[in-house]
Amino acid sequence: MTILVCGGAGYIGSHTVKELIGKYEVVILDNLTTGYPFLLDDNAVFEEGNLGDEAVLDRIFTKYDIDAVFHFAANSLVGESVQNPLKYYRNNVNATVVLLEKMIEHGVGKFIFSSTAATYGIPDTELITEETNTNPINPYGKSKLMIEDILADISKVHNFEYVVLRYFNAAGAHISGDIGESHDPETHLIPIVLQHLLGEREKISVFGTDYETPDGTCIRDYIHVTDLANAHILAYEGIVNGKVSNDVFNLGNGAGYSVNDIIDICEKVSGKSAVIEYADRRPGDPAVLVASSRKIEEKLGWKPQFKLEEIIESAWKWHSKTSNVTNV
Ligand code: UDP
């Protein structure tokens with residue numbers, strides 16, 4: 001069976017390709033705007049091109065016998081989406097609609113979609129289930145929810161089945177240390193703290209200390225990228241085996257950690273101490289986002305394998321290896 005991985009040169013896509021290889025044939029479509037050649041797997045076929053390019057999609061769906069599409073290719077920065085909403089609606093919505101049209105035209109009817117906790121907005125509950133109201137507060141979250149709605153509509157009239165996976169905070173790196181998280185610019189907490197501890201940044205800014213949480217900093221649910229990757233494969237196999245169809249699942253560890261907790265564990269793992277600046281809140285940050293992943297555990301037997309300290313250890317291994325600072 002051949003899987004088309006859109007965005008397979010990106011962070012979560014590349015880790016999923018690693019898990020797919022050996023079980024499935026993999027074709028990667030990526031335009032390398034936010035993905036990197038060094039994240040490409042040698043055992044996958046790489047097709048460089050844009051998701052919204054009909055000619056590229058026609059060629060791929062004609063050339064390969066694709067059974068399913070895993071779709072990771074998207075812009076995913078909340079702040080940028082507020083500043084430049086049209087970029088998000090074009091790349092995350094328009095391009096995906098073209099992909100879906102081409103799948104249907106070529107008779108490819110299985111789709112695993114990367115969605116996000118940002119679809120929930122500021123939830124009125126601390127433990128978010130799939131029943132929690134969706135009310136995204138930024139164009140990024142809205143763009144993902146729009147596709148979720150489109151998927152529900154097309155599955156009613158076409159031979160098309162999908163699973164939506166709503167990720168909480170993806171973190172960590174492959175245990176081999178060969179691939180890991182790399183964004184430019186980097187905005188995520190764990191890479192920023194580790195880069196600082198490696199001497200690549202002068203200090204860390206903690207965004208907000210007056211949230212209604214035990215230590216005043218935001219609480220998030222961090223989930224290892226390989227745990228996310230494996231959920232995609234279970235979701236695909238769940239469609240193939242008739243266990244799931246047209247469904248939505250949260251992916252998190254079910255445990256919340258504050259920004260201060262993360263810094264403490266990064267210090268412990270690295271054996272170094274951080275210089276911390278307490279700063280204002282970052283606009284758009286909910287105080288607490290923690291997932292219940294019970295539904296996917298029950299329906300597909302998914303269970304996260306990595307605890308927070310292991311997540312940070314794997315990230316530390318990757319960042320230490322790729323650090324551009326040599327005197328640490
Ligand atoms: N954060 C922080 N300093 C940073 C980066 C992030 O205090 O330099 C906080 C951010 O405000 C949020 C948490 O860390 O409360 C996780 O942020 P991240 O950007 O990693 O993920 P998000 O939850 O926004 O998807």
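Bear in mind the structure is a predicted one, so any value in this text is a computation, not a measurement. Computed over heavy atoms, backbone and side chain alike; hydrogens, waters and symmetry mates excluded. Just follow the structure's listing: the first ligand is 1, and inside any ligand the first atom is 1.
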message = Do Ile239 and Phe113 land in one hydrophobic cluster if side-chain heavy atoms of ILVMFWY residues count as linked below 4.5 Å?
response = no
Hphob cluster co-occupancy, Leu4 + Phe46, side-chain heavy atoms under 4.5 angstrom: no
Under 4.0 Å from one or more heavy atoms of Cys218, ligand 1 contributes atoms 15 (O)
heavy-atom search around atom 16 (C) of ligand 1 in the protein gives Tyr222 OH, 3.6 Å
For Ile192, the atoms of ligand 1 under 4.0 Å from one of its heavy atoms are 8 (O)
heavy-atom search around atom 9 (C) of ligand 1 in the protein gives Val259 CG2, 3.8 Å
When distances are taken from atom 23 (O) of ligand 1, the protein heavy atom at minimum range is Arg220 NE, 2.8 Å
So, does Phe168 sit close enough to ligand 1 that a heavy atom of it is under 4.0 Å from the ligand?
no
* To do: Measure the shortest side-chain to side-chain distance between Asn135 and Ile122 over non-hydrogen atoms and say whether it is less than 4.5 angstrom.
  => no
Would you call Lys307 and Glu310 a salt bridge, using N to O less than 4.0 angstrom? no
Review point. Are any of the side-chain nitrogens in Glu80 or Lys87 under 4.0 Å away from the carboxylate oxygens of its partner?
Key: yes
ask   = Phe72 and His15: aromatic ring centres closer than 6.0 Å?
value = no
- Item | Ionic contact status for Lys203 with Glu277, cut-off 4.0 Å | yes
Ranked by distance from atom 25 (O) of ligand 1, the top protein heavy atom is Asn169 ND2, 3.6 Å
If you scan protein heavy atoms around atom 20 (O) of ligand 1, the nearest is Leu189 N, 2.8 Å
Ligand 1 atoms nearer than 4.0 angstrom to some heavy atom of Ser205 are 2 (C), 3 (N), 4 (C), 7 (O), 8 (O)
### ligand 1 contact by Ile204, heavy-atom criterion under 4.0 angstrom
no
Taking only non-hydrogen atoms of Asp285 and a 4.0 Å limit, the atoms of ligand 1 in range are 10 (C), 11 (O), 12 (C), 15 (O)
Point to revise | Lys/Arg N to Asp/Glu carboxylate O, Arg166 vs Glu130, below 4.0 Å | key: no
Ligand 1 atoms nearer than 4.0 angstrom to some heavy atom of Thr187 are 5 (C), 19 (O)
Atoms of ligand 1 under 4.0 Å from any heavy atom of Val206, numbered from 1 in the order shown, are 7 (O)
* Going by an N to O cut-off under 4.0 Å, is there a salt bridge joining Lys243 and Glu237? -> no
Atom 1 (N) of ligand 1 has as its nearest protein heavy atom Phe207 CD1, 3.6 Å
Short N-O contact, Lys303 and Asp227, less than 4.0 angstrom
no
Atom 17 (O) of ligand 1: closest protein heavy atom, distance to 0.1 Å, is Arg282 NH2, 3.4 Å
